[in-house]
Colleague: 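Would you mind keeping the following structure in view while I ask a few things?
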Amino acid sequence: MAFDLLWYIILYLYPGIGSNIIILQYLLSQQGNILMDLFKIIVFPGLLFIGVVSLFAEWYDRKIYARLQNRVGPFHTGYHGILQPFADIIKLLAKEDIVHTGAEARSLAAAPVVALTLTLVMMMFIPVYRSAGIISFEGDLIVVLFLSTIFALMVILTGWFSTSRFGEVGTARAGMQLIAYEIPMVLSAITPAIIAAYYYSVPIQINSYLIALGGTIPATLALPSQLSVLTIANITQTQAAIGLPFILVAPISFAVFVIALMSELEKIPFDVPEAHTEIVAGWQTELSGKKLAFFRLAGDLEYLWGAGLTAALFLGGPWGPGWDIGLSQLDRLFGAFPWGYIFGTIWFLVKVFAIIFLIANLRTLFARFRIDQIVRGTWKYLIPLAFLNIVILQAVFYFDLFGWQTTYNLLLWIALLI
């Protein structure tokens, strides 16, 4: 009673404090959500998790690449050299940062920071333990592809800011290569969205028909009213709903996407922008110390992002046996442990490292292409192939070779009879 009276006196004397107290109470009520969001961003599946996995992915790639060339690869730092990528980053951070006369010092210093930030944000869109990433909204597939293009522009600007002849040659090559291969990458990335759109187009049409017919929808039909197919989470959920990874529906798009990804990562045979036997290190020639360390780490994160996006679009991401255990509404009602998150993370990592293994093998099979061969290859082969694959899929959908429309028509008649 005395406390209530004191509280009313304070509100009477200082009326403005009431709104602040209400805001404070709201923040305290949301404290659990805020702490969970911070945990997701900082620990899992955020910064700490993707940093560790990206360094491990570099070690795995280097070990596979070395074995295929009859070499040992990283061996001494840590168990079988597992800490070598981390040691490389620490070593570069301790090195002297040299900027030669004539370079754009401020712009050159800002470029690695922006590039690293972009890759960290790009990784937030990748679904790791569930169908959606930390950042997920309608049309996020287009946004993440746009961010990858900005990263390519940062690579070009870095070589330009260095004002080095080797850097300018590497920048010219990087500009022609990275921008050209963005086109087949985007065309291949939207192919899973086209498949998801067709899969849900028929039930959406049936949904509209039933509403127009009777005003209600039978409970026996679970029909979506609207769907944004340019969302990574919906593409992942569609593969889980069908029970079929899109790599089996559109293998050509998968192949084109992997080739374009290798070009974006400047992996052999697409490493001509930083060809060490020709132009020292290309656009990275004038980078040293912290700048080179940031770009190395950004490259590892981009590698993990590319493999994760490939897994999400064509392999279902975290989808696999056991990925939904303990996640249903009934399981949550009874407080079941969400084992599905653990199984989903395991399936995601298995698919990501399978893609890295594939890229390591492709790196071993081919020698470096010339820049004219690389540019001619994308305009004459990859882009027409990506368009051809979309046309083939449209023909397959038109003739209903998957039988999805027939199945939904049968379900419609059953629902109407019931």
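All values below come from the heavy atoms of this structure, side chains included, with hydrogens, waters and symmetry mates left out. Note that this is a predicted model, so its numbers are computed, not measured.
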Colleague: Using distance only, find each side-chain donor-acceptor pair of residues 89-112 under 3.5 Å and give its atom names and separation, not counting sequence neighbours.
Modeller:
residue	atom	partner	partner atom	Å
Asp97	OD1	Lys291	NZ	2.9
Asp97	OD2	Lys291	NZ	2.6
His100	NE2	Ser162	O	2.5

Colleague: Please report the closest heavy-atom contact between Val272 and Gln177, naming both atoms and the distance.
Modeller: CG1-OE1, 3.4 Å
Colleague: Apply the test side chain to side chain contact (heavy atoms under 4.5 Å, CB included) to residues Ile390 and Ile194: give CA-CA distance (whole Å), side-chain angles for both, the deciding distance (0.1 Å), then the verdict.
Modeller: CA-CA 8 Å; Ile390 294 176; Ile194 295 174; 4.0 Å; yes
Colleague: Report all side-chain donor-acceptor pairs from residues 302-317 shorter than 3.5 Å, counting only partners two or more places apart or in another chain.
Modeller:
residue	atom	partner	partner atom	Å
Tyr303	OH	Asp61	OD1	2.9
Thr310	OG1	Gly306	O	2.7

Colleague: Which one of Arg363, Arg368, Arg173 satisfies the side-chain hydrogen bond (donor to acceptor under 3.5 Å, both in side chains) criterion with Asp271?
Modeller: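 The single option meeting the side-chain hydrogen bond (donor to acceptor under 3.5 Å, both in side chains) with Asp271 is Arg368.
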Colleague: Can you name the closest pair of heavy atoms from Lys351 and Pro318 and give their distance?
Modeller: NZ-C, 4.5 Å
Colleague: Does any part of the side chain of Ser136, heavy atoms only, come nearer than 4.5 Å to the side chain of Ile232, both counted from C-beta?
Modeller: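 Ile232 does not reach Ser136 side chain to side chain.
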Colleague: When rounded to the nearest 0.5 angstrom, what distance separates OG1 in Thr231 from CG in Asp140?
Modeller: 5.0 Å
Colleague: Look up atom CG in Leu178 and atom OG1 in Thr171, then write down how far apart they are to the nearest 0.5 Å.
Modeller: 10.0 Å
Colleague: Is there a side-chain contact between Trp283 and Ile156, using heavy atoms and a 4.5 Å cut-off?
Modeller: no
Colleague: Start with the C-alpha gap between Phe348 and Ile126, add the side-chain angles, then the distance that decides, and say whether side chain to side chain contact (heavy atoms under 4.5 Å, CB included) holds.
Modeller: CA-CA 10 Å; Phe348 171 78; Ile126 303 301; 3.6 Å; yes
Colleague: Once rounded to the nearest 0.5 Å, what's the spacing between atom CG of Leu349 and atom CD1 of Ile356?
Modeller: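 The CD1 atom of Ile356 is 9.5 Å from CG of Leu349, to the nearest 0.5 Å.
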Colleague: Which residues pass the ring-ring contact (aromatic ring centres under 6.0 Å, His included) test with Phe56, sequence neighbours left out?
Modeller: Trp59, Phe353
Colleague: Looking only at non-hydrogen atoms, find the nearest pair between Pro384 and Lys380 and report the distance.
Modeller: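 Looking at all heavy atoms of both residues, the closest pair is CG-O, 3.5 Å.
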Colleague: For Tyr65, which residues count as a side-chain hydrogen bond (donor to acceptor under 3.5 Å, both in side chains) partner, sequence neighbours excluded?
Modeller: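 Counting only residues at least two positions away or on another chain, Tyr65 forms a side-chain hydrogen bond (donor to acceptor under 3.5 Å, both in side chains) with Gln69.
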Colleague: By the definition side chain to side chain contact (heavy atoms under 4.5 Å, CB included), identify the one residue from Ile190, Leu393, Val396 that meets it with Ile195.
Modeller: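 Answer after filtering Ile190, Leu393, Val396: Leu393.
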Colleague: Test of understanding: with salt bridge (Lys or Arg N to Asp or Glu O under 4.0 Å), list the residues that count as partners of Arg71, not counting sequence neighbours.
Modeller: none
Colleague: Any idea how Tyr129 and Phe44 line up, ring-wise: parallel (<30°), tilted (30 to 60°), or perpendicular (>60°)?
Modeller: tilted
Colleague: Got a second to check how far Leu55's CG is from Arg296's CZ, nearest 0.5 Å?
Modeller: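 One finds 9.5 Å between CG of Leu55 and CZ of Arg296.
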Colleague: Can you tell me if Tyr181 uses its side chain to pair, donor with acceptor, with the backbone of Ile374 under 3.5 Å?
Modeller: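 Yes, Tyr181 side chain to Ile374 backbone: donor-acceptor pair under 3.5 Å.
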Colleague: Taking Tyr198 for the side chain and Phe397 for the main chain, is one N or O donor matched with an acceptor at less than 3.5 Å?
Modeller: yes
Colleague: Under 3.5 Å, is there a donor-acceptor pair between the side chain of Thr149 and the main chain of Leu145?
Modeller: yes
Colleague: Is the shortest side-chain heavy-atom distance between Gln84 and Glu58 below 4.5 Å?
Modeller: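 Gln84 does not reach Glu58 side chain to side chain.
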Colleague: Between Pro127 and Ser131, which heavy-atom pair has the shortest distance, and what is it?
Modeller: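 That closest heavy-atom pairing would be CB-O, 3.4 Å.
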Colleague: Kindly determine whether Leu362 and Ile268 satisfy side chain to side chain contact (heavy atoms under 4.5 Å, CB included), including the steps that lead there.
Modeller: CA-CA 8 Å; Leu362 293 176; Ile268 297 175; over 6 Å; no
Colleague: If you round to the nearest 0.5 Å, how far is CZ of Phe39 from CG of Leu48?
Modeller: 9.0 Å
Colleague: Does CZ belonging to Phe369 count more than 12 external heavy atoms closer than 6.0 Å?
Modeller: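 Yes, enclosed.
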Colleague: I'd like to know if the side chain of Lys63 and the backbone of Pro74 have a donor-acceptor N/O pair within less than 3.5 Å.
Modeller: yes
Colleague: Between Trp347 (side chain only) and Pro321 (backbone N and O only), is there a donor and an acceptor less than 3.5 Å apart?
Modeller: yes
Colleague: Quick check: does any side chain N or O of Asn361 sit under 3.5 Å from a backbone N or O of Phe357, one acting as donor and the other as acceptor?
Modeller: yes
Colleague: Grab the two heavy atoms, one from Thr378 and one from Pro184, that are nearest each other, plus how far apart they are.
Modeller: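 So the two residues come closest at OG1-CG, 3.6 Å.
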Colleague: Show the nearest heavy-atom pair for residues Phe151 and Ala298, with the distance to one decimal.
Modeller: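 Closest heavy-atom pair between Phe151 and Ala298: CE1-CB, 4.0 Å.
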Colleague: Got a sec: does the CZ of Phe75 have more than 12 other heavy atoms crowding it under 6.0 Å?
Modeller: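 Counting other residues, nucleotides and ligands, CZ of Phe75 stays at 12 neighbours or fewer.
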Colleague: Is there a side chain to side chain contact (heavy atoms under 4.5 Å, CB included) between Leu120 and Met123 once you walk through the steps?
Modeller: CA-CA 5 Å; Leu120 288 173; Met123 276 301 304; 5.9 Å; no
Colleague: Can you tell me how far CD1 of Ile242 sits from CD of Gln237, rounded to the nearest 0.5 angstrom?
Modeller: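 Result: 12.0 Å between the selected atoms.
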Colleague: Got a list of side-chain donor-acceptor pairs under 3.5 Å for residues 244-262, not counting sequence neighbours?
Modeller:
residue	atom	partner	partner atom	Å
Ser253	OG	Thr191	OG1	3.2
Ser253	OG	Asn389	ND2	2.3

